[in-house]
Student: 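This structure is in structure tokens; I'll ask about it shortly.
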Amino acid sequence: MNLFTDIRTLVLEKLAEMEAEGALPAGLERGNVSVEPPRDPAHGDMATNAAMVLARPAGKKPREIAEVLAGKLGEDARISVADVAGPGFINLRLAPSVWQGVVKSVLETGRDFGRTAMGRGQKVNVEYVSANPTGPLHVGHARGAVFGDALASLLDFSGHEVTREYYINDGGAQVDVLARSVYLRYLEAHGQEVAFEEGTYPGDYLIPVGEALKEKVGDAYLGQPEDMWLGEVREFAIEKMMEMIRADLALLGVEMDHFFSEKSLYGTGLIEETLELLRGKGLIYEGVLEPPKGKKPEDWEPREQTLFKSTKFGDDVDRPVRKSDGSWTYFAPDIAYHYDKIRRGYDALIDVLGADHGGYVKRMKAAVAALSDGRVPLDIKLTQLVRLFRDGAPFKMSKRAGTFVTLRDVVEQVGADVTRFVMLTRKNDAPLDFDLSKVLEQSRENPVFYVQYAHARVCSVLRRAREAGIDVEDAALAAADLGRLDHEAELALARKIAEWPRLVEIAARTHEPHRIAFYLYDLASELHGLWNRGNEIPALRFLQEGDPATSQAKIALARATAVVISSGLAILGVTPVEEMR
RNA sequence: GGCCCCUUAGCUCAACUGGAUAGAGCGGCGGACUUCUAAUCCGCAGGUUGAGGGUUCGAGUCCUUCAGGGGCCGCCA
């Protein structure tokens with residue numbers, strides 16, 4: 001149930017009536033008639049812009065339409081007041097029974113309250129993390145992981161059929177570098193002195209991999225030429241790296257549905273097939289690119305390459321898919337990979353990438369538009385940098401021991417719940433400051449705590465009520481006399497709860513899970529506010545001594561709040577806590 | 001040189017994709033504990049939404065010019 005769409009439907013019905021009565025011309029476009037909460041609650045519970053939107057096409061004054069429409073809306077039992085304001089808004093105030101009904105509805109549907117069919121079962125593929133299998137995940141990957149995972153959950157909650165996917169870049173030159181680095185650690189494991197030169201990965205995390213390799217093959221690779229061991233060491237190393245990455249993700253509670261290997265594209269002919277498809281559309285040609293301006297590569301010289309005509313889809317220059325030496329660029333398998341996603345029947349694709357991949361957006365969108373003939377939308381969400389702090393001081397990232405930067409270190413330090421919530425307290429395209437000390441503070445300043453505390457407070461009330469012998473099962477609360485919830489402060493909380501389904505839709509439509517986190521903060525704030533008003537006005541306390549019926553009604557409201565908090569946290573992948581001690 | 005993102009209160013950030021008088025937290029000032037947990041709440045102060053121009057009933061939001069910050073710019077991913 002979504003009250004806002006319910007009332008919008010009512011508005012549309014009344015507009016149809018007006019049309020039938022000749023008060024409005026027939027066939028007006030009503031797509032942008034909206035019903036929203038007004039920015040200022042003093043204006044009412046909801047406002048519609050219908051009169052203003054229709055005034056021009058109807059050739060009437062906004063207020064003229066508004067007066068008639070407001071009169072008709074007032075006839076509905078759910079509307080207690082409908083009046084015209086400002087340039088032609090109609091402000092609606094809804095009857096208390098409507099808000100009481102929302103509370104009941106939450107208790108009846110539980111965590112599914114707010115679920116919507118908006119996605120209409122569309123198949124959506126969310127690709128995220130997709131870090132190179134050359135080392136442990138770092139904090140930046142953590143942000144992408146949390147964002148992508150929450151977005152996937154959000155889309156699921158809003159009626160989409162979601163696949164969580166990770167693309168393993170195991171086909172490029174960087175995995176050869178990995179293999180050589182592991183080989184060095186292998187030599188080291190055999191007691192040899194080694195030097196990590198430019199173009200190798202010196203990280204300690206490869207030491208155990210070198211040892212494991214020794215364990216596996218003994219001295220078989222010692223003193224052997226590279227082409228004898230490279231392939232097998234590469235396989236071995238990638239497997240170890242992916243084990244590590246999966247473990248890192250598991251630590252954060254991220255579980256992928258599908259890992260897609262770049263390497264698996266080679267030898268299947270899919271890359272060739274994809275490019276032939278594009279060639280058939282006249283989008284592939286042999287050519288020479290202009291040198292990039294501003295930056296002057298010393299070794300630049302014009303070379304003929306195979307190019308994709310991405311400029312036809314709004315890109316700045318055409319992009320190479322085959323290097324001058326005949327091998328693929330990284331872009332070629334990426335195109336094939338996205339073509340594979342299209343062929344798997346997704347209705348929409350989402351890629352979550354780090355902001356440093358911004359230059360990649362236009363060309364990938366161009367490729368997907370070309371391959372799907374514009375049928376399959378690709379949204380690319382870029383996650384900005386994470387800046388680590390401790391006690392307010394910037395935390396210098398250093399690979400030397402003592403200063404940690406990996407996902408694992410952060411999660412082990414502050415926990416998965418805290419990491420996830422904090423990562424979602426910023427828009428994806430805004431930089432994020434992550435203070436390792438502050439996120440553990442138990443104060444209002446820390447939104448994780450603040451929201452969790454609200455949930456715990458409700459649980460505390462439930463515990464006490466049970467001790468007092470009150471039935472606080474959801475079914476009992478739903479059946480309580482909710483008409484007793486008549487105080488303005490209580491209705492305000494119920495109104496906030498009523499916004500939840502609408503917020504889910506907006507967040508899902510915009511692909512912005514951070515909206516969930518902000519909403520939960522607001523909802524928690526409403527609850528804390530009501531709680532404290534119980535200090536001055538005892539009648540507002542949830543637990544009413546000697547009055548089980550009223551207690552049940554009030555507890556129903558508290559419980560409904562907790563259900564929505566818990567449902568929202570579930571989308572973010574955070575576990576609600578029942579007590580804070 | 002070009003492209004993308006960002007610029008909102010002293011600080012950190014929202015603002016429901018074009019709605020009414022731009023909102024929170026922190027910091028500052030002043031209040032509320034015999035309590036269902038004061039780990040919280042209430043009030044006050046704080047703004048030319050980086051600058052200019054445009055589109056319209058209406059702009060933080062869309063278009064445009066400019067300034068500042070970040071990212072990217074063939075054979076790395």
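Convention: sequence-line order gives letters A, B, ...; per-chain numbering from 1.
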Student: Nearest to the side chain of K362(A), which nucleotide is it out of rC4(B), rA14(B), rA77(B)?
Tutor: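 Output: rC4(B).
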Student: OP1 or OP2 of rC76(B) sitting under 4.0 Å from any side-chain N/O of K323(A)?
Tutor: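 Looking at the OP1 and OP2 atoms of rC76(B), one of them is under 4.0 Å from a side-chain N or O of K323(A).
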Student: Describe the nucleic acid contact of E304(A) in one word from base, sugar-phosphate, nothing, applying a heavy-atom distance below 4.0 Å.
Tutor: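 No contact.
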Student: Output yes if the stacking criterion (under 5.5 Å between centres, under 30° between planes) is met for F89(A) over the base of rA20(B), else no.
Tutor: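 Yes, F89(A) stacks on the base of rA20(B), since the ring centres sit under 5.5 Å apart and the planes are within 30°.
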Student: Run the ring-centre check on Y450(A) versus Y521(A) and record whether the distance is less than 6.0 Å.
Tutor: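 Between Y521(A) and Y450(A), which both carry aromatic rings, the centre distance is below 6.0 Å.
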Student: Which nucleotide in the list rA38(B), rA77(B), rU17(B) gets nearest to the side chain of Y453(A)?
Tutor: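 Given the options rA38(B), rA77(B), rU17(B), the side chain of Y453(A) is closest to rA38(B).
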Student: Measure up the F331(A) and F308(A) rings against each other and bin them: parallel (under 30°), tilted (30 to 60°), perpendicular (over 60°).
Tutor: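 Rings of F331(A) and F308(A): tilted, 30 to 60°.
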Student: Between rU40(B) and rA77(B), how far apart are the two P atoms, rounded to whole Å?
Tutor: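 Looking at atom P only, rU40(B) and rA77(B) are 50 Å apart.
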Student: With rounding to the closest Å, how many angstrom separate the C1' atoms on rA51(B) and rU8(B)?
Tutor: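 Each nucleotide's C1' atom is 14 Å from the other's.
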Student: Establish, with yes or no, whether the OP1 or OP2 oxygen of rU37(B) is under 4.0 angstrom from a side-chain nitrogen or oxygen of R464(A).
Tutor: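 So the side-chain polar atoms of R464(A) do come within 4.0 Å of the phosphate oxygens OP1 or OP2 of rU37(B), strictly under.
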Student: Can you check whether Y450(A) has a side-chain N or O nearer than 4.0 Å to OP1 or OP2 of rC41(B)?
Tutor: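 For rC41(B), OP1 or OP2 has a side-chain N or O of Y450(A) closer than 4.0 Å.
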Student: Scan A507(A) against the nucleic acid and name what it touches under 4.0 Å (heavy atoms): base, sugar-phosphate only, or nothing.
Tutor: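 Nothing, no heavy atom under 4.0 Å.
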Student: What integer number of Å spans the C1' atoms of rG52(B) and rC41(B)?
Tutor: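 Nearest-Å result for rG52(B) against rC41(B) at atom C1': 44 Å.
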Student: Which of the following nucleotides, rC5(B), rC36(B), rG19(B), is nearest to the side chain of V53(A)?
Tutor: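 Closest nucleotide to the V53(A) side chain: rG19(B).
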Student: For rG47(B) and rG23(B), measure between their P atoms and round to the nearest Å.
Tutor: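 Between the two P atoms, the distance is 13 Å.
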Student: Identify which nucleotide among rU40(B), rC3(B), rA14(B) has an atom closest to any side-chain atom of F449(A), counting heavy atoms from C-beta outward.
Tutor: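 Of all the options, the side chain of F449(A) is nearest to rU40(B).
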Student: If you assign each of T425(A) and D316(A) to its closest nucleotide in RNA chain B, which residue comes earlier from the 5' end?
Tutor: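 Nearest nucleotide further toward 5': that of D316(A).
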Student: Would you mind classifying the nucleic acid contact of D325(A) as base, sugar-phosphate or nothing, using non-hydrogen atoms under 4.0 angstrom?
Tutor: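 It contacts nothing in the nucleic acid.
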Student: Between rA20(B), rG71(B), rG74(B), which one does the side chain of N91(A) approach most closely?
Tutor: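 The listed nucleotide nearest to N91(A)'s side chain is rA20(B).
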Student: At less than 4.0 Å, is any side-chain N or O atom of K427(A) found next to OP1 or OP2 of rA15(B)? Yes or no.
Tutor: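 K427(A) to rA15(B) OP1/OP2: side-chain N or O found under 4.0 Å.
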Student: Looking at every strand, decide which applies to P320(A) at a 4.0 Å heavy-atom threshold: base, sugar-phosphate, or nothing.
Tutor: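 Result for P320(A) = sugar-phosphate.
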Student: Reckon R533(A) touches a base, only the sugar-phosphate, or nothing at all at heavy-atom distances under 4.0 Å?
Tutor: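 Answer is nothing: R533(A) stays at 4.0 Å or more from every strand.
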Student: Using the rule given for side-chain contact (heavy atoms from CB on, under 4.5 Å), can you reason through K61(A) versus I65(A), listing the C-alpha separation, both sets of side-chain angles and the distance that settles it, and then say yes or no?
Tutor: CA-CA 7 Å; K61(A) 288 180 184 151; I65(A) 299 173; over 6 Å; no
Student: Please state whether the rings of H357(A) and Y360(A) are parallel, tilted or perpendicular, taking 30° and 60° as the class boundaries.
Tutor: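 H357(A) vs Y360(A) ring planes: perpendicular.
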Student: Tell me whether rU49(B) sits syn or anti, counting syn as a glycosidic angle within 90° of 0.
Tutor: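 Anti, which is what one calls it when the glycosidic angle falls more than 90° from 0.
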Student: In Å and rounded to the nearest 0.5 Å, what is the OH to CD distance from Y285(A) to E304(A)?
Tutor: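 Y285(A) OH to E304(A) CD: 10.5 Å, rounded to 0.5 Å.
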Student: Quote, to the nearest angstrom, the P distance that separates rC6(B) from rU64(B).
Tutor: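 rC6(B) and rU64(B) have their P atoms separated by 14 Å.
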Student: Flag the pair Y337(A) / Y167(A) as yes when their ring centroid distance falls below 6.0 Å, and as no otherwise.
Tutor: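 Y337(A) vs Y167(A): aromatic centres under 6.0 Å.
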Student: Just call it for P538(A): base, sugar-phosphate, or nothing, with non-hydrogen atoms closer than 4.0 Å on any strand.
Tutor: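 Nothing, no nucleic acid heavy atom in range.
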Student: Name the nucleic acid region contacted by G358(A), choosing base, sugar-phosphate or nothing; use a 4.0 angstrom heavy-atom cut-off, strictly under.
Tutor: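 Answer is nothing: G358(A) stays at 4.0 Å or more from every strand.
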Student: Kindly say if R515(A) contacts the phosphate of rA15(B), meaning a side-chain N or O under 4.0 Å from OP1 or OP2.
Tutor: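 Yes, R515(A) has a side-chain N/O under 4.0 Å of OP1/OP2 on rA15(B).
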Student: For Y521(A) and rC41(B), what is the distance between atoms OH and P respectively, to the nearest whole Å?
Tutor: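 After rounding, the reported distance stands at 7 Å.
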Student: Ignoring hydrogens and geometry beyond distance, is the side chain of N532(A) in donor-acceptor contact with the base of rU40(B) at under 3.5 Å?
Tutor: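 Such a pair is found, so the answer is yes.
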Student: Given rC75(B), rU17(B), rC72(B), identify the nucleotide with an atom nearest to the side chain of D356(A).
Tutor: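 Shortest atom-to-atom distance from the side chain points to rC72(B).
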Student: Nearest of rC3(B), rU12(B), rC36(B) to any side-chain atom of D433(A)?
Tutor: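 Among the listed nucleotides, the one closest to the side chain of D433(A) is rU12(B).
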Student: Given rA77(B), rU40(B), rU12(B), which nucleotide is nearest the side-chain atoms of N132(A)?
Tutor: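 For the N132(A) side chain, the nearest candidate turns out to be rA77(B).
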Student: Pick the P atom in rU55(B) and in rC44(B), then give their distance to the nearest Å.
Tutor: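 Here rU55(B) and rC44(B) have their P atoms 39 Å from each other.
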Student: If the cut-off is 4.0 Å, is S460(A) near the phosphate of rU37(B), judged by side-chain N/O to OP1 or OP2?
Tutor: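 Yes, such a contact exists.
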Student: With a 4.0 Å limit, can you tell me whether H514(A) has a side-chain N or O closer than that to the phosphate oxygens OP1/OP2 of rA15(B)?
Tutor: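 Checking H514(A) against rA15(B): at least one side-chain N or O falls below 4.0 Å of OP1 or OP2.
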Student: Does K381(A) come within less than 4.0 Å of E127(A), counting only side-chain N to carboxylate O?
Tutor: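 Between E127(A) and K381(A) there is no salt bridge, as every charged N stays at least 4.0 Å from the carboxylate O atoms.
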Student: Tell me the interatomic distance from D176(A), atom CG, to rA77(B), atom P, rounded to whole angstroms.
Tutor: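 Rounded to whole Å, this separation is 11 Å.
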Student: Give a yes or no on whether a salt bridge exists between K341(A) and D351(A), defined as a side-chain N under 4.0 angstrom from a carboxylate O.
Tutor: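 A salt bridge is present here (some side-chain N lies under 4.0 Å from a carboxylate O).
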Student: Starting at the 5' end of RNA chain B and moving along, which residue's nearest nucleotide shows up first, E36(A) or N535(A)?
Tutor: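 In this pair, the answer is E36(A).
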Student: Between R143(A) and R426(A), does a side-chain contact (heavy atoms from CB on, under 4.5 Å) hold up when you go through it step by step?
Tutor: CA-CA 10 Å; R143(A) 187 173 187 185; R426(A) 288 287 174 273; 3.7 Å; yes
Student: Can you check the distance between rC3(B) and rA45(B), where both ends of the measurement are the P atom (answer in whole Å)?
Tutor: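 Rounded to whole Å, the distance is 46 Å.
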Student: According to a strict under-4.0 Å criterion, is R457(A) in side-chain N/O contact with OP1 or OP2 of rU40(B)?
Tutor: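 Result: no.
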Student: OP1, OP2 of rC75(B) versus side-chain N and O of W328(A): anything below 4.0 Å?
Tutor: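 Answer no for this pair, as no side-chain N or O of W328(A) is under 4.0 Å from OP1 or OP2.
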Student: Between atom CZ in R426(A) and atom P in rG70(B), what is the gap in whole Å?
Tutor: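 Value for this atom pair: 20 Å.
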Student: Which part of the nucleic acid does A85(A) contact within heavy-atom distance under 4.0 Å: base, sugar-phosphate only, or nothing?
Tutor: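 Since a base atom lies under 4.0 Å of A85(A), the category is base.
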Student: If you measure from the P atom in rG68(B) to the same atom in rG31(B), how many Å do you get, rounded?
Tutor: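 Comparing P positions in rG68(B) and rG31(B) gives a spacing of 47 Å.
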